[in-house]
Amino acid sequence: MPDSIFHHYYTSYPIEGNKLNCPFYVESSLAADPLVREAVAQTKAMIAAHEEWRDEVSCGKMFGVLVVEDEHGQVGFLSAYSGQIGGREDWEGFVPAVFDYLQPDGYFAVHEWAISDINHHLDALLSDEGYLSALQELQSMEQRHTEEITTFRERMRQAKQRRDAQRATATPDEMAAMVHESQWMKAELRRMKRRHQAEETPLEQLIRETENDVTQLRKERKQKSDDLQRWLFTHFVICNARGEECTLLELFANTPQGVPPSGAGECCAPKLLQYAFLRGLIPLRIAEFWQGASPKGELRIHDRFYPACRGKCLPILHFMLQGLDVEPNPLEESENKELDIVYDDDHIVVVNKPSGMLAVPGKSDRESVFSILRHRYPQAEGPMIVHRLDMATSGLMVVAKSEWTYHALQRQFERREVSKRYVALLERDIHGQVPARGTIRLPLRPDPMDRPRQVVDPTHGKDAITDYEILGPDNGRTLIALYPHTGRTHQLRVHCAHAEGLNCPILGDALYGTPAERLYLHAEQLTFTHPVTGKRMQFEINTHFT
């Protein structure tokens with residue numbers, strides 16, 4: 001095995017546990033693991049040694065390490081980066097691609113060049129001076145013709161009004177003249193439209209010929225691109241710990257999209273595991289960490305660990321990990337917690353949800369607020385769950401016991417008549433770095449390739465508004481009150497962590513910050529109008545994490 005790929009530890013570390021950690025969950029202890037810590041440190045040293053990488057990595061790149069044991073019991077680690085760096089997947093010291101399709105004279109490169117040639121042809125057609133001139137001239141001509149038609153129609157309307165006023169007292173000759181005028185104006189309008197059409201037709205024909213060529217080229221490009229992707233995905237052969245093999249097309253056949261997304265198989269985890277399996281190495285620890293700036297709209301923090309993405313990696317890793325003893329994902333394990341009842345009557349119930357409990361049933365067998373209350377109140381009707389809290393968030397929720405009260409409460413949420421106050425503990429002290437009070441307005445949408453993560457998207461995101469108030473420092477951290485005006489998924493977490501928000505994640509936020517024993521976010525106060533009595537009700541449960 002090349003020494004440039006299998007990296008040795010400078011120090012001997014004890015190995016605790018014989019299970020691989022779950023790639024889809026970042027334990028708070030991961031950064032403290034000496035095997036992982038040393039592997040990351042050496043990988044960062046290799047990154048720094050590549051001066052030519054500096055600009056690309058500074059813009060943001062995911063790296064990964066896999067601690068492995070060879071057949072002789074020697075422990076070392078492998079390093080990887082997602083995708084390519086400098087257009088290459090074969091930099092020394094890092095595991096190669098699962099399938100190297102970037103060979104200069106290879107099938108992929110040749111056919112990709114054909115697609116690029118179509119793109120150049122399209123660019124030439126769409127930037128042709130004759131085509132652009134015809135577009136501009138036609139637009140100007142159509143505007144002029146529209147104005148002429150509008151002006152003439154106004155003349156016709158005024159003439160008709162005049163005739164209508166004269167008709168009662170008009171002589172036969174005057175009536176005939178009015179009929180002639182009406183007929184002439186209608187005929188003149190038709191003649192005007194024919195003249196306009198005759199002027200526009202040559203330009204439309206020239207434009208249509210170009211656009212037909214563009215349409216045909218785009219169809220050809222799509223077909224070539226689809227064929228090339230299919231070729232790529234059938235040659236992307238993934239292996240697992242049992243020695244079995246499967247193509248990317250087969251792995252994604254039963255997913256909702258049916259085909260692999262772009263970049264599937266090129267993330268760190270698949271590359272690391274593939275290299276290990278092909279060389280008989282036993283995976284012991286796996287970790288992915290971000291280097292450089294955060295992508296626009298997305299939340300990635302330099303030096304932080306992140307779980308494997310679900311959109312690209314879930315079907316792949318589900319197959320690759322077969323035959324390995326892997327730690328279970330805590331987010332998918334069943335867990336029983338106490339659900340405190342704060343208020344209860346014939347129509348509603350207010351609960352204090354603990355951190356770690358789902359609001360509604362998920363894919364796992366974990367209990368939820370819904371399942372507990374459905375069992376406790378079997379006579380309750382309707383959806384019951386009016387609003388939700390993230391599984392990691394604790395605090396107050398109001399639940400309906402009938403379909404009527406459900407809709408009545410839901411209307412209050414839709415009209416923003418419900419007041420909510422959250423308390424959070426931020427990772428560091430930001431007092432003096434941001435105004436003590438303010439409003440964050442960052443539109444959000446889901447990341448389809450890495451659900452449930454959310455991204456900031458000014459174009460396609462939904463409006464998300466949060467007021468905040470810094471309550472004070474707390475042992476090097478910040479205690480803050482948050483008042484959401486909208487209820488987007490992960491709204492408070494993203495608004496705190498994003499650079500255009502407070503630029504400081506909530507403590508324990510494994511998705512947008514650093515894992516801890518819990519997410520330090522609590523729905524402390526909830527105010528709404530009772531749907532039956534009409535009484536304004538306020539509930540408050542102070543947090544105990546400060």
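Counting begins at 1 with the first residue of the sequence. Since the model is a prediction, treat every value here as computed from it, not as a measurement.
A donor and an acceptor atom, one from each side chain of Glu38 and Gln42, are located under 3.5 Å apart. For Asn212 and Gln216, the side-chain atoms include no donor-acceptor pair closer than 3.5 Å. Of the N and O atoms on the side chains of Arg304 and Thr514, at least one donor lies less than 3.5 Å from an acceptor on the other residue. Looking at Asn503 and His498, their side chains never bring a donor and an acceptor atom within 3.5 Å of each other. Of the N and O atoms on the side chains of Glu52 and His50, at least one donor lies less than 3.5 Å from an acceptor on the other residue. One side chain, Ser394 or Arg518, offers a donor N or O that lies under 3.5 Å from an acceptor on the other. Between the side chains of Thr466 and Gln491, at least one donor-acceptor pair of N or O atoms lies under 3.5 Å. Side-chain atoms of Glu266 and Ser82 form no donor-acceptor pair, as typed in the model, at a separation below 3.5 Å. With hydrogens and angles left out, the side-chain atoms of His490 and Tyr512 include a donor and acceptor closer than 3.5 Å.
Cation-pi geometry between Arg300 and Tyr306 is met: the NZ or CZ atom falls under 6.0 Å from the ring centre, inside 45° of the normal. Remark: Arg310 is positioned above the aromatic ring of Phe24, its terminal NZ or CZ atom under 6.0 angstrom from the ring centre and at most 45 degrees off the axis.
With hydrogens and angles disregarded, no donor-acceptor distance shorter than 3.5 Å links the side chain of Gln454 to the backbone of Asp447. With His235 contributing its side chain and Trp231 its backbone, the two residues share a donor-acceptor pair below 3.5 Å. The backbone N or O of His302 sits nowhere less than 3.5 Å from a side-chain atom of Gln291 that would complete a donor-acceptor pair. Remark: the backbone N or O of Phe305 is not paired with any side-chain donor or acceptor of Trp290 at under 3.5 angstrom. Proximity of a side-chain donor or acceptor of Asn240 to a complementary backbone N or O of Gly243 within less than 3.5 Å is detected. Proximity of a side-chain donor or acceptor of Gln136 to a complementary backbone N or O of Ser133 within less than 3.5 Å is not detected.
The pair Arg437-Asp467 fails the salt-bridge criterion, with no side-chain N (NZ, NE, NH1 or NH2) lying under 4.0 Å from an Asp/Glu carboxylate O. Ion pairing of Glu211 with Arg208 is absent here, as no side-chain N (NZ or NE/NH1/NH2) approaches a carboxylate O to less than 4.0 Å. Using a 4.0 Å cut-off between charged nitrogen and carboxylate oxygen, Asp463 and Arg441 count as a salt-bridge pair. Between Asp450 and Arg453, at least one side-chain nitrogen of the basic residue sits less than 4.0 Å from a carboxylate oxygen of the acidic one, meeting the salt-bridge criterion.
Nearest heavy-atom pair, Val65 versus Ser79, reported as atom, atom and distance to 0.1 Å: CG1-OG, 4.2 Å.
Checked against the 6.0 Å centroid threshold, Tyr9 and Phe77 count as a close aromatic pair.
Residues Tyr81 and Ile47 fail the side-chain proximity criterion, which asks for heavy atoms closer than 4.5 Å.
Exactly one residue among Lys222, Gln223, Gln229 makes a side chain to side chain donor-acceptor pair (under 3.5 Å) with Asp226. That residue is Lys222. Of the options Lys462, Arg445, Arg488, a salt bridge (Lys or Arg N to Asp or Glu O under 4.0 Å) to Asp457 is made by Arg445 and by none of the others.
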(request) Kindly determine whether Asp117 and His121 satisfy side-chain contact (heavy atoms from CB on, under 4.5 Å), including the steps that lead there. (result) CA-CA 6 Å; Asp117 193 47; His121 194 179; over 6 Å; no

